[in-house]
Amino acid sequence: MKFLIFIIAVILIILVIFCTWFLSYMADGKCPLCALKSIGRGKLTIDVSKTEDYDNNVSDTPIMGWSSWNTLRNHIDENAIYDTAKAMCSTGLAQAGYEYINLDDCWQSSLRDSDGKLQGDLESFPSGIDELCKKVNELGLKMGIYSSNGTLTCEDMPASLGNEELDAKTFASWGIEYVKYDFCHNKRISGSTPVIEYIDISKPGASSEIRLRPDHAKFSGRAKKVKCVDLPSKHGIGFINHGAGTATYSVDVPSGGDYVMTVHYHKNYLHKKQYLQILVNGRQYEVFFPSGFSMSSDAKAQIIVQLDSGDNIIVLQNPVVTLADSSYIQYSRMGRRLKEASRDWAKYTGGEEKPITFSICEWGFGHPWNWGRKAGNMWRTTMDITPKWGRIKAIYNKNIDLYNLASPGHVNDPDMLEVGNGKLTPDENRSHFTLWCMMAAPLVLGNDLRRLTDNSSKSRFIIDTVTNKSLILIDQDALVKPAKRIKKSPALDIIARPLENGDIALCFFNKSGKERPVEFEINTLAEEKYLNFKKLTEYGIHDLWADDRFNGSKITASVPKHGVAAYRISQ
């Protein structure tokens, strides 16, 4: 009985707390039901259906290169990077298509320079990143770099959240052609928005010319005119939090150009950080209201916006509901800055533009495969890889099911290759590489390339594995349609992908701990619409590891434990 009374008391306390929050949230001009939706993590609620895919003129096929993290981690310096670049050339990796030398975390100093710009570690990169980039370019290779969509990187170094424009310009000025953008120390954008009392618009250096009051707005959704809770004589725009609604204005100005927009808003004595998105003729501007406490309830924030001559449409909104919404906005912001920076730097120097491949490394938390094509070129689908068979298999199991979400210039990224690392067996190394090629994944090596110059049998095996020309051609196929798992079992998967010339790449993946026999009728591929395969009486068959070619209608093979058998089928 006492336990029942205790449970009832707890429920009543929770209800009182909830009702108090609910009523206070409404009194503060916010939609509490909309806020409850923010509990969801991965679903994107922002409508991106009419947003164009991210296009920055990089290669349509997945990148090929090397990254420093798996080998050097936080012990990175310019000599090791340059020696790696030279090794990429001398081992034949560059000739096989590997062209990016990517600096991962800890390339930067903990100090930004006097202009606020990122700079290379003053001890480990004394020549500067721009000079290193020039030396790498002279070898015929491209340079990549790392930052994080947070206040710090994963190793607690300076990152780019809030400094996207400056950092993008810095990277472009150095000649960087790839940016991996991590997710450590991320600060989620608030779905909460204060009551907006009014907005003043003026030319820089002039007094207010236009005042946008709540009465002038056209509302959508739940957005509406509300009273300020502690100043009922004042009104403002409320209920635009967490995607609840929008307020739209039509503003006519005699001449286009930069204008000061002053947002006058209402805050309580104790207030949390809040957010407002302002669309001006479709161009996105952001206002971040600081957290803290105040003796005054009215406050203001200013931004510079660009208005066109004549009529302008201004929309106030806060579309952030879930973590995915926040991630999408933040990664899109950096993606735009990188595109602008590479274009503007080329105009400034009069040289050829070096477009920057933008790698979204959000770990899959916000399901970037659903919005990554609108924000960047590639997106991580999982947390970090390790050179352990179980981890590689787990990443494969996640990534393979996202096959229909990739396209030219926009690919799933199951993380770097661990070929040559750890205690992976020869068959596991081949499987790892084959699966990544079948999934149209970026081929970014993570082993120590400098050790491959010793001409040992182990080094030769690693080089031969990652330079398998036939598999690289599949990975780099212009159709960019990753493999679909057409048969799944605890022991053996069958995956296949269509290729641009009408061929089919076929792989048998033995996940089990013992050898498995396979007999496969090639005609069954016609049952999969995704493959667009037509039945014939005989096909050209190319064994991609044995490099044997033969004709037939059936494949008979024995697949080793943790191994693969891979083929190219020609009609």
Inset, instruction - Run the numbers on F219 and F239 for ring-ring contact (aromatic ring centres under 6.0 Å, His included), then give the verdict. - result: CA-CA 10 Å; F219 296 111; F239 286 77; over 10 Å; no

Legend entry - Listed once per pair and sorted, the salt bridge (charged side-chain N to carboxylate O under 4.0 Å, His left out) pairs that draw on residues 331-340, sequence neighbours left out: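 Only E164-R333, E286-R333, R337-E340 qualify under salt bridge (charged side-chain N to carboxylate O under 4.0 Å, His left out).
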
Inset, instruction - Classify the angle between the aromatic ring planes of Y198 and H264 as parallel (below 30°), tilted (30 to 60°) or perpendicular (above 60°). - result: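 The rings of Y198 and H264 lie parallel, inter-plane angle below 30°.
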
Inset, instruction - State the NZ-CZ distance between K354 and F171, to the nearest 0.5 angstrom. - result: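 Rounded to the nearest 0.5 Å, the NZ-CZ separation comes out at 15.0 Å.
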
Does a donor on one side chain and an acceptor on the other come within less than 3.5 Å for [X] and [Y]?
{"X": "N399", "Y": "T381", "result": "yes"}
{"X": "N412", "Y": "W379", "result": "yes"}
{"X": "S59", "Y": "T61", "result": "yes"}
{"X": "N318", "Y": "N241", "result": "no"}

Inset, instruction - Apply the salt bridge (charged side-chain N to carboxylate O under 4.0 Å, His left out) test between D200 and each candidate in K300, R213, R211; give the one that qualifies. - result: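 The option that passes is R211.
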
Inset, instruction - Output all residues satisfying side-chain contact (heavy atoms from CB on, under 4.5 Å) with S342, sequence neighbours left out; order by chain, then residue number. - result: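 E353, I356.
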
Inset, instruction - Report the residues that fulfil side-chain contact (heavy atoms from CB on, under 4.5 Å) with K117, sequence neighbours left out, ordered by chain and then residue number. - result: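 Applying side-chain contact (heavy atoms from CB on, under 4.5 Å) to K117 gives D113, D115, L166, T170.
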
Inset, instruction - Without swapping roles, check the side chain of S68 against the backbone of D104 for a donor-acceptor pair under 3.5 Å. - result: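 Side chain of S68 to backbone of D104: a pair is present.
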
Inset, instruction - May I ask you to decide if Q119's main-chain N or O and S109's side chain share a donor-acceptor pair within less than 3.5 Å? - result: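 It does not hold such a pair.
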
Inset, instruction - Output, in order, the C-alpha distance, side-chain angles, deciding distance and verdict of side chain to side chain donor-acceptor pair (under 3.5 Å) for T262 and Q302. - result: CA-CA 4 Å; T262 304; Q302 292 183 325; 2.9 Å; yes

